[in-house]
Amino acid sequence: MQKQQTVEAGVAMMKVLESWGVKHVYGYPGGSISSTLHALEVEKENITYVQVRHEQVGALAAVGHAKATGKIGVTFGSAGPGAVNLLNGLYDAKEDNVPVLAIVGQVPRSNMNYDYFQEFPETPMFSDVADYNRVVMTPESLPYVVDKAIREAYKNNGVSVVVIPNDIGFVEIEDVPFSSAQLTDEKAAPQPEATDEEVKHLLDMIKDAKRPVFHVGSGIKDNQDKLQKLAEKLQIPVVITGLAKGKVDDHFEGNMGTSNRAASKAADEVFGTADLVIALGANFPFANLVYRTHEFKFVQIDNDKSKFGRHHYLDFSIWSDSGKFLDKALELSEQQPESAYYQAAKEDMKDWRAYLDSLMNKTEGAPEYEEVYREINRIAEDDALFSVDVGDNIINSFRFLDMKRGQKMTISALFATMGYGLPGAIAAQFAYPERQVFNIAGDGAFSMVMQDLLTLNKYNLPVINVITSNQYLSFIKSEQDDLTMNNFGIDIKDAKFKDIAEAMGVHGIEVNDAKELPAAFDEAVATTKAGKPVLIDVNITGKRGIPVEELQFKMEDGKLVEYISDGYQLAHGSRTMDEFFAEYDASELKPFTYYLDKYGVKF
């Protein structure tokens, strides 16, 4: 009888990862993860181990990979502190619904339950974040458990955790096909479809409404052309969530941009006056705030029934894929006459865009964040990838980043963990080595993960790091400014990021004058074209962007009045609309009520 071939269990696990198309695994060494590292060394021709400098960065890089590609991201950490450090990234994956596998080390089985060094029960820690959470009990089951973990991560669009006692991976097991990965997995899953009756009922609701608005999330997928046709056909403005940035054309006249705080003025004003909100593939974490400003009818269209009623009580819901709904709505709807509300909304947005352009086109004095985005837009290639960190750069990217169809932006959306930008950029550059990749971060967020400039250096990843430094946690400073409290705990020590970058082997550029910006960004392009990473540290002013979320509406004597929120005026003093706009260098902006009156919109 022929002797059965054997393979180390850890190597068998790697072959399972390879069968699922995994090309990169992000992690940091530890004693309890040695069998996994050994297996990575054995399979180094087929799968790349990326050595990050902190487990949080590894987990966030895995998340960034999943967000950029739609494919599972894989990370690992050793027992104890390594495992704990994975949690930020794993919670980001859970909240933003992307598939990630975490391989977690554990002490050898012979030392388990002896209070051994770095041993602790890890599965309870992951019980909330992971949909699939298992400890491998035998070497023979290791590849099976990992295969199932990947399948569960894809099924749940979430996190799978596999804890592996360190000795298990070294054991020889029977070499048989372990993976369940099949070409059938590449097929699109069947999607629910709106019925004629459901769409006709919604069209009747739209006909009865005076000020309908679409609120569109990432569930729009690649259906922006259909959405734009329907919005024009029905004369309905579109407000987007942050995750839909780039999924709806920035230059579409009916796109009002994002709402709430990281928002455009037009989006908040349109939302604040709508009498019918149609949420399409949108999971909006600020709904409990924004959706409560006034009464309106609410319709939700989603392919996930569990989302219905999550953020607002329902007047009507349609369980449907966004593309199938849009197809049906385009088929059953009729071209509507020009809507006064839609025209007012589009002109309000045109006014806002002109204001943004005026801010970006300043060229002298101390650099300001708007001018930084002018340069990013200028050098960004048509298929550029943007990894944007948490903080004011989220607001500024939503407002000023001019997204083209082939470009993509990833962020830490619902969990909003600082330090996402650099790991996300690392993963994007590994996944798409021929594409231009940006990390856009403030000094506060970047300083949390800046040690991984070493990762860019080690692997020659030509990422363009744009760091806006103003020695404040600006996002939090603005929140404190709007409360009746003094600023406290938000000033941060200046760091010479150019020098830090140079010390880590990354080309550094420092900008202290607006006139230096074009040359700095040209130098950055030249550096990355030569295959090297670069960091631009722009020392911007502490100027705050206009807080459009403070614009509110009320009826006085039968007339709609726009005003500045009572809370803002309590913290800052009494403000008229004109005074508020002037405070933010926005005197040319007009209240939305100006355009509503101009087009004769009735309330």
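All values derive from a computational prediction rather than experimental measurement. Scope of the values below: all heavy atoms of this structure, side chains included, with no hydrogens, waters or symmetry mates.
- Under a 3.5 Å cut-off, the side chain of Tyr26 and the backbone N or O of Tyr49 do not form any donor-acceptor pair.
- Between Pro99 and Lys71 there is no side-chain heavy-atom pair separated by less than 4.5 Å.
- Proximity of Ile509 to Val534: side-chain heavy atoms (C-beta onward) are separated by under 4.5 Å at one or more points.
- A heavy-atom distance below 4.5 Å is found between the side chains of Leu280 and Phe325.
- For the side chain to side chain contact (heavy atoms under 4.5 Å, CB included) test, residues two or more places apart in sequence or in another chain that qualify with Pro533 are Leu456, Val506.
- The main-chain N or O of Ile394 is never found under 3.5 Å from a side-chain atom of Ser397 such that the two would form a donor-acceptor pair.
- With Thr528 contributing its side chain and Gly531 its backbone, the two residues share no donor-acceptor pair below 3.5 Å.
- Taking CG from Asn465 and CZ from Phe446, the interatomic distance works out to 5.5 Å, rounded to the nearest 0.5 Å.
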Practice task
Verify salt bridge (Lys or Arg N to Asp or Glu O under 4.0 Å) between Glu371 and Lys543, making sure each step is shown before the conclusion.
Solution key: CA-CA 13 Å; Glu371 299 149 19; Lys543 182 180 73 171; over 6 Å; no
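- For the residue pair Tyr584 and Pro547, the shortest heavy atom distance occurs at CZ-CD, 3.3 Å.
- One distance of note links CG of Leu589 with CD1 of Ile546; it measures 5.5 Å at 0.5 Å rounding.
- The CG atom of Asn377 sits 6.0 Å away from atom CE of Met360, with the distance rounded to the nearest 0.5 Å.
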Exercise for the section: Show your reasoning for whether salt bridge (Lys or Arg N to Asp or Glu O under 4.0 Å) applies to Glu370 and Arg374. Expected result: CA-CA 6 Å; Glu370 303 97 334; Arg374 178 195 67 216; over 6 Å; no
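- Sequence neighbours left out, the pairs with a member in residues 86-99 that pass salt bridge (charged side-chain N to carboxylate O under 4.0 Å, His left out) are Lys67-Asp92, Lys67-Asp96.
- A pairwise comparison of heavy atoms in Gly70 and Tyr154 identifies O-CE2, 4.1 Å as the closest pair.
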Practice task
Give the C-alpha distance, both sets of side-chain angles, the deciding distance and a yes or no for side-chain hydrogen bond (donor to acceptor under 3.5 Å, both in side chains) between Gln56 and Asn85.
Solution key: CA-CA 5 Å; Gln56 175 175 316; Asn85 283 340; over 6 Å; no
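- Under the salt bridge (charged side-chain N to carboxylate O under 4.0 Å, His left out) criterion, the residue pairs touching residues 426-437 are Asp383-Arg435, with sequence neighbours excluded.
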Exercise for the section: I would like to know whether Tyr91 and Asp128 meet side-chain hydrogen bond (donor to acceptor under 3.5 Å, both in side chains); could you show each step before the answer? Expected result: CA-CA 9 Å; Tyr91 267 104; Asp128 179 63; 2.7 Å; yes
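- Not counting sequence neighbours, the partners of Asp302 by the side chain to side chain contact (heavy atoms under 4.5 Å, CB included) test are Asp304, Lys307, Phe308.
- Annotation: cation-pi geometry satisfied between Lys305 and Trp319 (NZ/CZ under 6.0 angstrom from ring centroid, within 45° of ring axis).
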Problem - Test side-chain hydrogen bond (donor to acceptor under 3.5 Å, both in side chains) applied to Ser322 and Asn303, step by step - result: CA-CA 7 Å; Ser322 61; Asn303 67 353; over 6 Å; no
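- In this structure Ala93 satisfies the side chain to side chain contact (heavy atoms under 4.5 Å, CB included) test together with Val63, Val98, Val100, Val159, sequence neighbours excluded.
- For Ser264, there are no side chain to side chain donor-acceptor pair (under 3.5 Å) partners at least two apart in sequence or on another chain.
- With sequence neighbours excluded, the residues that form a side chain to side chain contact (heavy atoms under 4.5 Å, CB included) with Asn512 are Glu510, Glu516, Asn539.
- Residue Lys221 qualifies as enclosed at atom NZ: its count of foreign heavy atoms under 6.0 Å is above 12.
- Taking each heavy atom of Met256 and Ala267 in turn, the nearest pair found is O-CB, 3.4 Å.
- Here the side chain of Asp452 pairs a donor or acceptor atom with the backbone of Arg53 at under 3.5 angstrom.
- Asp389 contributes a side-chain N or O that, together with a main-chain N or O of Gly419, makes up a donor-acceptor pair within less than 3.5 Å.
- Residues forming a ring pair (Phe, Tyr, Trp, His ring centres under 6.0 Å) with Phe521 (at least two apart in sequence, or on another chain): none.
- Atom NZ of Lys532 has 12 or fewer neighbouring heavy atoms from other residues, nucleotides or ligands inside a 6.0 Å radius.
- Under the 3.5 Å distance criterion, the side-chain polar atoms of Gln436 are matched with a main-chain donor or acceptor of Glu381.
- In this structure, CG on Leu101 lies 5.5 Å from CD1 on Ile150, to the nearest 0.5 angstrom.
- Gln407 pairs by the side chain to side chain donor-acceptor pair (under 3.5 Å) definition with nothing, not counting sequence neighbours.
- Between the side chain of Ser412 and the backbone N or O of Thr417, at least one donor-acceptor pair lies under 3.5 Å.
- Annotation: His215 is in aromatic contact with Phe284 [ring centroid separation under 6.0 Å].
- Summarising the local packing, CG of Asn361 is surrounded by more than 12 heavy atoms from other residues, nucleotides or ligands at distances under 6.0 Å.
- Residues Arg399 and Leu356 approach most closely at O-CD1, 3.2 Å, considering heavy atoms.
- When each of Asp131, Leu86, Asn133, Ile103 is checked for a side chain to side chain contact (heavy atoms under 4.5 Å, CB included) with Val161, only Asn133 meets the rule.
- Residue pairs satisfying the side-chain hydrogen bond (donor to acceptor under 3.5 Å, both in side chains) criterion with at least one member in residues 242-256, sequence neighbours excluded, are listed as follows: Lys245-Asp250, His251-Asp402.
- The two atoms that bring Ala366 and Thr541 nearest to each other are CB-CG2, 3.7 Å, heavy atoms only.
- Of all the heavy atoms in Phe386 and Ala384, the pair that sits closest is CZ-CB, 4.0 Å.
- Checking side-chain atoms of Gln300 against main-chain N and O of Gly309 turns up a donor-acceptor pair under 3.5 Å.
- In this structure, Ser474 OG and Tyr369 OH are separated by 9.5 Å, a value rounded to the nearest 0.5 Å.
- Of the inter-residue distances, the one linking Phe415 atom CZ with Leu90 atom CG reads 9.5 Å to the nearest 0.5 angstrom.
- Remark: side-chain polar atoms of Asp443 are paired, donor with acceptor, to backbone N or O of Gln471 under 3.5 angstrom.
- Within the structure, every pair that satisfies the salt bridge (charged side-chain N to carboxylate O under 4.0 Å, His left out) test and touches residues 468-482, not counting sequence neighbours, is listed here: Arg261-Glu479, Lys477-Asp481, Asp482-Arg544.
- With sequence neighbours excluded, the residues satisfying salt bridge (Lys or Arg N to Asp or Glu O under 4.0 Å) with Arg405 are Asp225.
- Using a distance-only test at 3.5 Å, with no hydrogens or angles considered, no donor-acceptor pair links the side chain of Asn223 to the main chain of Lys226.
- A 6.0 Å sphere centred on CZ of Phe430 holds more than 12 heavy atoms belonging to other residues, nucleotides or ligands.
- Counted within 6.0 Å of NZ on Lys362, heavy atoms from surrounding residues, nucleotides or ligands total more than 12; the atom is thus considered enclosed.
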